[in-house]
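For the numbers below, each heavy atom of this structure counts, side chains included, while hydrogens, waters and symmetry mates do not.
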Amino acid sequence: MKNSNITNNHIDLKNQVSDIHPTLPQLHGVDPTGKEFSFTNRYMVRDGKPFFGICGEFHFSRYNCDEWEDELIKMKMGGVNIVPTYVVWNHHEEIKGHFDWSGNKDLRRFVKLCQKHDLDVILRAGPWDHGEVRNGGYPDWLYGEPLVVRSNNELYLKYAARLYDEIGKQVHGLFFKDGGPIIGLQMENEFQHAGAAWEITTGTSNEWIPSGFDGNEHIKKLKELAKNAGMDAPIYTGTGWGGAVAETDTVLPLWGGYAFWPWVFYDPEVTEHPITPEYLYRDYRYPTYNFDPQYDPNEVPYAACEMGGGMTVFYDYRFKLPYQSVDAMTNVKVASGCNFVGYYVYHGGSNPLGIKTPYLNETATPKISYDYQAPLSEFGQPRASYYRLKREHYFFTEFQDEFCLMETVLPEGAQDIDPADDGPLRFSVRQKDGKGFVFINNYQDHIEGSDKHDQAINLELDNEQLRIPVNGGFDLANEESCILPFNFELEGTVMKTATVQLLTKIERNNKQHYFFFQPKGMAPEFVFDASTVKEIIISDGEVIEKNNQMIVYPKSGVMTKMTVTSTEGKVVDVYTLTNQQSLDFWRFEYKNEVNVLFAPMPLLIDASGIRLESTEHQITVQAIDGLIDESLLSNLEKGAMHDNLTNYELSVPKATPTITREEIAKGKVLLHVDTTPLKQNHIKDILLKVDYEGDIGYAFYNSELINDNYCNGRTWDIGLRHTVPQFSEVPIYVSITPIREDFKVKSDSPMAARSEENTGEILSIHEIKLTPVYEFNL
């Protein structure tokens with residue numbers, strides 16, 4: 001079939017040579033049972049096999065300790081396998097000589113919970129962190145010491161050693177060498193690249209903490225101090241971007257990328273955010289945009305720690321983070337050669353209140369809220385990015401043995417596309433020995449993109465040519481990205497190409513079950529080498545045999561099941577999910593077996609079974625073809641069956657917490673909130689939801705600030721379980737400051753007077769309501 005409207009894209013995959021070999025011998029560790037970490041020049045090795053690291057940053061001291069465990073379970077269910085966390089100096093030693101490791105600051109408890117749920121840990125131990133913390137994490141008292149920070153100054157190193165000694169005591173026995181979960185330690189952050197305001201002086205002298213001195217000798221000294229404190233990890237890391245000091249004889253350099261840059265608006269001349277080049281495919285075997293290594297990139301694996309899992313709202317830059325930007329970033333980074341992704345941050349939180357200084361935030365950001373528009377919110381609510389990332393994570397980890405060995409190949413001109421140009425198809429390939437995956441990205445920040453129509457990709461291999469799709473062209477919705485397989489081995493059969501994304505596979509009942517899904521806007525197609533196929537049976541679709549190919553067209557927009565029998569007699573089930581079903585898909589281990597369940601809400605698995613969270617008191621979950629331990633569903637009544645799915649309905653008593661409001665003035669209301677439903681076991685939280693227009697929202701209880709919000713057009717959520725008591729009438733004062741139009745300050749009085757003038761105000765509270773968060777136990 002010919003179509004003159006088809007755009008044919010080409011990529012040359014011939015004569016590809018891979019050179020993967022061991023590297024970084026100093027970054028190596030063995031635990032008491034013989035488990036081992038090491039590196040090749042492309043990926044981390046765990047117990048002799050490729051390991052795809054997925055780091056989800058979560059700051060323990062910015063979250064309530066009683067909820068840590070459930071949030072870590074959510075992270076693990078989302079595919080995270082490593083948890084980096086800052087140890088923020090001024091959260092623990094705000095008063096000189098008095099360290100606090102209790103409650104929400106109990107580092108040891110947090111690390112042991114990670115260990116309980118088989119999550120590795122990377123400690124970002126400072127002394128300087130940044131992280132939008134007051135003074136970048138330095139206590140105020142350090143400003144008054146006769147020393148030079150971020151240097152080999154003797155007194156500064158004395159205080160750094162004391163800090164490390166205290167951290168070392170907290171995590172004693174929890175390092176990898178001891179059988180613990182701590183596999184990595186980062187000293188410093190963005191060293192000799194970035195600083196932060198000394199909040200004790202900023203606004204008066206505009207004084208900034210320097211970026212650092214003494215180069216790698218300082219990092220070596222910090223590493224020595226860490227080891228002296230008992231913090232001996234197989235991996236020492238350092239941030240490498242922007243010319244930061246991260247030499248490979250000392251640390252593993254980590255990279256990242258953000259597409260939303262609030263800091264550019266520190267410059268008053270910047271009035272519009274630039275379109276960034278973050279969403280173009282690269283090849284990280286060579287220096288390129290935002291990757292300027294001071295080492296041979298062919299000898300060190302590209303690894304990331306700060307890919308934009310979100311971004312906090314700064315006062316001078318209010319924006320709604322597009323959640324589809326997050327998995328698109330992952331798609332681009334991985335296609336470009338990354339086998340170790342890291343999200344900053346994966347889980348939002350709230351800044352703790354200070355003892356001497358009321359607020360420990362950086363003043364450009366909210367005082368309490370550190371929601372960060374992250375995949376898991378400040379109060380544990382999942383965002384669309386959480387579900388979208390989960391799909392990629394399941395794929396990367398299930399197929400890591402083969403995938404990590406696949407090298408990047410770019411089509412001609414891929415790195416030269418103008419980021420503002422929405423026309424060219426952006427794609428790349430990871431391949432090895434003639435098989436691999438085509439990555440396609442149709443997301444670009446700060447432009448109005450468009451759907452892609454009638455596209456085809458021609459793969460020029462050593463011994464054959466492949467075309468995706470086999471005839472005609474494919475479409476892909478705007479702001480979507482996808483990963484398509486070619487020459488994929490499916491238990492004895494060979495899938496030549498497909499216009500569906502591989503999600504995962506499981507083995508159950510002595511059979512392999514593969515799950516694919518339909519990228520948004522793309523019609524599903526499978527093409528098999530007919531010589532490897534004995535039979536294909538599909539629940540809803542068409543099978544055509546032509547030119548030694550078996551072409552399968554599953555019905556679009558529904559789930560289909562395809563049973564494929566190889567010429568050797570091996571039988572596999574292949575499920576093609578809708579796009580929405582892929583977001584609802586969960587895989588998990590229970591009683592040493594992998595299970596599958598569909599649910600459009602967070603799923604929490606532990607030894608006791610399954611729990612779910614929802615803002616609805618009646619929910620539906622779905623099982624498929626018995627691919628779940630029946631004991632988990634034994635207390636539930638089966639409902640309707642459709643497309644191989646069995647519905648199970650669950651309900652809990654509906655909670656109706658009341659709220660009354662007393663208008664104090666425009667934009668100022670005193671709420672009387674009934675929080676007693678929180679005493680019920682099935683009520684996990686109550687969200688106070690405020691829709692407003694204005695500048696900043698403040699919420700107070702008992703005259704103390706409990707949360708704040710820089711208005712960006714999204715609903716302001718406040719979780720009440722750990723912010724206010726459980727009474728029938730809890731007074732919460734909500735105050736919205738207005739946006740002042742043509743605002744100016746007058747100070748021309750002959751007396752010591754100051755007044756403000758403006759031509760109008762934008763201020764409106766549209767709605768305030770309470771939304772319970774229910775917990776269901778299966």
Novice: For the backbone of Ile483 and the side chain of Gln501, can you confirm whether one donor and one acceptor N or O come within less than 3.5 Å of each other?
Specialist: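 The answer is yes, because a donor-acceptor pair under 3.5 Å joins these two groups.
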Novice: Taking all heavy atoms of Thr239 and all of Phe191, pick out the closest pair and write down the distance.
Specialist: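 Between these two residues, the closest heavy atoms are OG1-N, 4.4 Å.
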Novice: Would Glu199 and Thr363 count as having a side-chain donor-acceptor pair, cut-off 3.5 Å?
Specialist: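 There is such a pair (donor and acceptor under 3.5 Å, judged by atom type) between the side chains of Glu199 and Thr363.
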Novice: My understanding is that only one of Pro277, Pro287, Cys338, Ser428 makes a side chain to side chain contact (heavy atoms under 4.5 Å, CB included) with Arg282; could you say which?
Specialist: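 Among Pro277, Pro287, Cys338, Ser428, the one meeting side chain to side chain contact (heavy atoms under 4.5 Å, CB included) with Arg282 is Pro277.
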Novice: Do Tyr692 and Cys711 make a side-chain contact, defined as non-hydrogen atoms from C-beta onward lying under 4.5 Å apart?
Specialist: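 They are in contact (side-chain heavy atoms under 4.5 Å apart), so the answer is yes.
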Novice: How about NZ on Lys76, more than 12 heavy atoms from neighbouring residues, nucleotides or ligands closer than 6.0 Å, or not?
Specialist: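 Yes.
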Novice: Any luck finding a side-chain donor-acceptor pair between Thr408 and Asp283 under 3.5 Å?
Specialist: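 No, no side-chain donor-acceptor contact under 3.5 Å.
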Novice: Please assess Phe439 against Val429 for the test side-chain contact (heavy atoms from CB on, under 4.5 Å), listing each intermediate value before the final yes or no.
Specialist: CA-CA 6 Å; Phe439 289 72; Val429 167; over 6 Å; no
Novice: Do Tyr344 and Tyr372 have ring centres separated by under 6.0 Å?
Specialist: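 For Tyr344 and Tyr372, the ring centres are under 6.0 Å apart.
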Novice: Is there a donor-acceptor contact under 3.5 Å linking the side chains of Arg62 and Ser350?
Specialist: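 Short answer, no.
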Novice: Asp691: what forms a side-chain hydrogen bond (donor to acceptor under 3.5 Å, both in side chains) with it, not counting sequence neighbours?
Specialist: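 Asp691 satisfies side-chain hydrogen bond (donor to acceptor under 3.5 Å, both in side chains) with Thr715 only.
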Novice: Between the main-chain N or O of Asp454 and the side-chain N or O of Asp475, is there a donor-acceptor pair closer than 3.5 Å?
Specialist: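 Looks like yes, one N/O pair under 3.5 Å.
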Novice: Is it true that Arg318 and Asp695 have a side-chain N and a carboxylate O under 4.0 angstrom from each other?
Specialist: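 Answer for the salt bridge query: yes.
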Novice: Can you tell me how far CH2 of Trp586 sits from CG of Leu583, rounded to the nearest 0.5 angstrom?
Specialist: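 The CG atom of Leu583 sits 10.0 Å away from the CH2 atom of Trp586.
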Novice: Start with the C-alpha gap between Gln16 and Lys432, add the side-chain angles, then the distance that decides, and say whether side-chain contact (heavy atoms from CB on, under 4.5 Å) holds.
Specialist: CA-CA 8 Å; Gln16 295 298 319; Lys432 188 178 189 302; over 6 Å; no
Novice: Could you go through the side-chain contact (heavy atoms from CB on, under 4.5 Å) check for Met522 and Cys482 one step at a time?
Specialist: CA-CA 10 Å; Met522 189 175 289; Cys482 65; 4.0 Å; yes
Novice: With a distance cut-off below 6.0 Å to the six-membered ring centre and an angular limit of 45° from the axis, does Arg134 pair with Tyr359 as a cation-pi contact?
Specialist: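 No, a cation-pi geometry is absent between Arg134 and Tyr359.
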Novice: Hey, are the side chains of Thr7 and Leu425 touching, using non-hydrogen atoms and a 4.5 Å cut-off?
Specialist: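 The answer is no; the side chains never approach within 4.5 Å.
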Novice: In this structure, which one of Phe399, Phe486, Phe395, Phe396 forms a ring-ring contact (aromatic ring centres under 6.0 Å, His included) with Phe437?
Specialist: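 Exactly one candidate clears the test, Phe395.
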Novice: Do any N or O atoms from the side chain of Asn351 and from the backbone of Lys367 form a donor-acceptor pair under 3.5 angstrom?
Specialist: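 Between the backbone of Lys367 and the side chain of Asn351 there is a qualifying donor-acceptor contact (under 3.5 Å).
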Novice: Pair Glu247, Ile219 - check side-chain contact (heavy atoms from CB on, under 4.5 Å), show working.
Specialist: CA-CA 9 Å; Glu247 296 189 14; Ile219 301 300; over 6 Å; no
Novice: Does Arg42 offer a backbone N or O that forms a donor-acceptor pair with the side chain of Arg285 under 3.5 Å?
Specialist: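 The answer is no, because no donor-acceptor pair under 3.5 Å joins these two groups.
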Novice: Which of these passes ring-ring contact (aromatic ring centres under 6.0 Å, His included) with Phe58: Tyr346, Tyr86, Phe110, Trp68?
Specialist: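 Only one option passes, and that is Phe110.
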Novice: To the nearest 0.5 Å, tell me how far Asn712 CG sits from Gln373 CD.
Specialist: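 It comes to 5.5 Å.
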Novice: Answer with yes or no after comparing the ring centroid distance for Trp128 and His130 against a 6.0 Å cut-off, counting only values under it.
Specialist: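 Yes; His130 has its ring centre under 6.0 Å from that of Trp128.
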Novice: Would you mind reporting whether Phe427 and Gln455 have side-chain heavy atoms less than 4.5 Å apart?
Specialist: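 SC-SC contact between Gln455 and Phe427 ruled out.
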Novice: Under a 4.0 Å N-O cut-off, is there an ion pair linking Arg426 with Asp421?
Specialist: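 Salt bridge flag = no for Asp421 with Arg426.
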Novice: What about the rings of Phe340 and Tyr43, do their centers lie closer together than 6.0 Å?
Specialist: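 Here the rings of Tyr43 and Phe340 have centres that are no less than 6.0 Å from each other.
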Novice: Tell me whether Trp255 contacts the main-chain N or O of Gly240 through its side chain, where contact means a donor paired with an acceptor under 3.5 Å.
Specialist: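 Not at all, since once roles are kept as given, no pair shorter than 3.5 Å links the two residues.
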Novice: Using the benzene-type ring in the case of Trp, are the ring centres of Phe515 and Phe585 under 6.0 Å apart?
Specialist: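 Centroid separation for Phe515 and Phe585: below 6.0 Å.
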Novice: Look up atom CZ in Phe260 and atom OG in Ser325, then write down how far apart they are to the nearest 0.5 Å.
Specialist: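 It comes to 5.0 Å.
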Novice: Between Val341 and Cys55, is any pair of side-chain heavy atoms under 4.5 Å apart?
Specialist: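 Side-chain contact under 4.5 Å: no.
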Novice: For a quick check under 3.5 Å, do Thr276 and Asp445 share a side-chain donor-acceptor pair by atom type?
Specialist: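 Yes.
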Novice: Atom CZ of Arg587 and atom OG1 of Thr397: how far apart are they, to the nearest 0.5 Å?
Specialist: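 OG1 of Thr397 is found 7.0 Å from CZ of Arg587.
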Novice: Filter on salt bridge (charged side-chain N to carboxylate O under 4.0 Å, His left out), then keep only pairs touching residues 376-392, sequence neighbours left out; what's left?
Specialist: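 Pairs touching residues 376-392 that pass the test: Asp327-Arg388, Asp371-Arg383, Arg388-Glu480.
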Novice: Taking atom CD of Glu299 as the centre, report whether more than 12 heavy atoms of other residues, nucleotides or ligands fall under 6.0 Å from it.
Specialist: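 It does: Glu299 CD has more than 12 such atoms within range.
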Novice: Test your reading of the model: is there a side-chain donor-acceptor pair from Tyr281 to the backbone of Ala335, 3.5 Å cut-off?
Specialist: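 Looks like no, no N/O pair under 3.5 Å.
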Novice: Please answer whether the main-chain N or O of Leu123 pairs with a side-chain N or O of Thr85 as donor and acceptor at a distance below 3.5 Å.
Specialist: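 Side chain of Thr85 to backbone of Leu123: no pair is present.
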Novice: Show the numbers, then the answer: is there a side chain to side chain donor-acceptor pair (under 3.5 Å) between Lys74 and Tyr386?
Specialist: CA-CA 10 Å; Lys74 287 180 196 173; Tyr386 173 76; over 6 Å; no
Novice: Quick check: do Tyr266 and Asp316 have side-chain heavy atoms less than 4.5 Å from each other?
Specialist: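 Result no, sub-4.5 Å side-chain heavy-atom pair not found.
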Novice: Evaluate the side-chain proximity of Pro519 to Leu476: yes if any heavy-atom separation is below 4.5 Å, no if none is.
Specialist: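 A side-chain contact under 4.5 Å exists here.
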Novice: We want to know whether Tyr698 and Asn707 form a side-chain donor-acceptor pair, criterion being a heavy-atom distance below 3.5 angstrom.
Specialist: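 No - no donor-acceptor pair under 3.5 Å links their side chains.
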Novice: Specify whether Phe265 and His273 have parallel, tilted or perpendicular ring planes, treating 30° as the upper limit for parallel and 60° as the lower limit for perpendicular.
Specialist: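 It falls in the tilted class, 30° to 60°.
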Novice: Distance from Tyr315 atom OH to Glu362 atom CD, nearest 0.5 Å?
Specialist: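 Tyr315 OH to Glu362 CD: 16.0 Å, rounded to 0.5 Å.
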Novice: Between Asn441, Ile417, Leu410, Val332, which is the residue that forms a side chain to side chain contact (heavy atoms under 4.5 Å, CB included) with Leu280?
Specialist: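 For Leu280, the side chain to side chain contact (heavy atoms under 4.5 Å, CB included) test succeeds with only one of Asn441, Ile417, Leu410, Val332, which is Ile417.
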Novice: Answer whether the closest heavy-atom distance between the side chains of Trp241 and Asn290 falls below 4.5 Å.
Specialist: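 A side-chain contact under 4.5 Å exists here.
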Novice: Backbone N or O of Glu188 within a donor-acceptor pair of the Gln186 side chain at under 3.5 Å?
Specialist: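 Pair found, side chain donor or acceptor close to backbone of Glu188.
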Novice: May I ask you to decide if Pro602's main-chain N or O and Glu613's side chain share a donor-acceptor pair within less than 3.5 Å?
Specialist: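 Looks like no, no N/O pair under 3.5 Å.
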Novice: Would you name the heavy atoms of Pro469 and Thr499 that are closest together and state the gap between them?
Specialist: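 For Pro469 versus Thr499, the nearest heavy atoms are CB-CG2, 4.1 Å.
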Novice: What I'd like to find out is whether the side chain of Pro297 reaches to under 4.5 Å of the side chain of Tyr302, using heavy atoms alone.
Specialist: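 No. Closest side-chain heavy atoms not under 4.5 Å.
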Novice: Are the ring centres of Phe319 and Tyr317 closer than 6.0 Å?
Specialist: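 Yes, they do, as the ring centres are separated by less than 6.0 Å.
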Novice: For the aromatic rings, using the six-membered ring if either is Trp, is the centroid distance between Tyr343 and His393 under 6.0 Å?
Specialist: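 Centroid separation for Tyr343 and His393: below 6.0 Å.
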Novice: Between the side chains of Glu71 and His347, does any donor sit under 3.5 Å from an acceptor?
Specialist: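 The criterion, which ignores hydrogens and geometry beyond distance, is satisfied for His347 and Glu71.
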Novice: Check whether Glu479 reaches the backbone of Asn442 with its side chain - one donor and one acceptor, N or O, closer than 3.5 Å.
Specialist: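 Pair absent, no side-chain N/O of Glu479 close to backbone of Asn442.
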Novice: Ion pair present between Arg124 and Glu306, side-chain N to carboxylate O less than 4.0 angstrom?
Specialist: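 Result for this pair is yes, salt bridge flagged.
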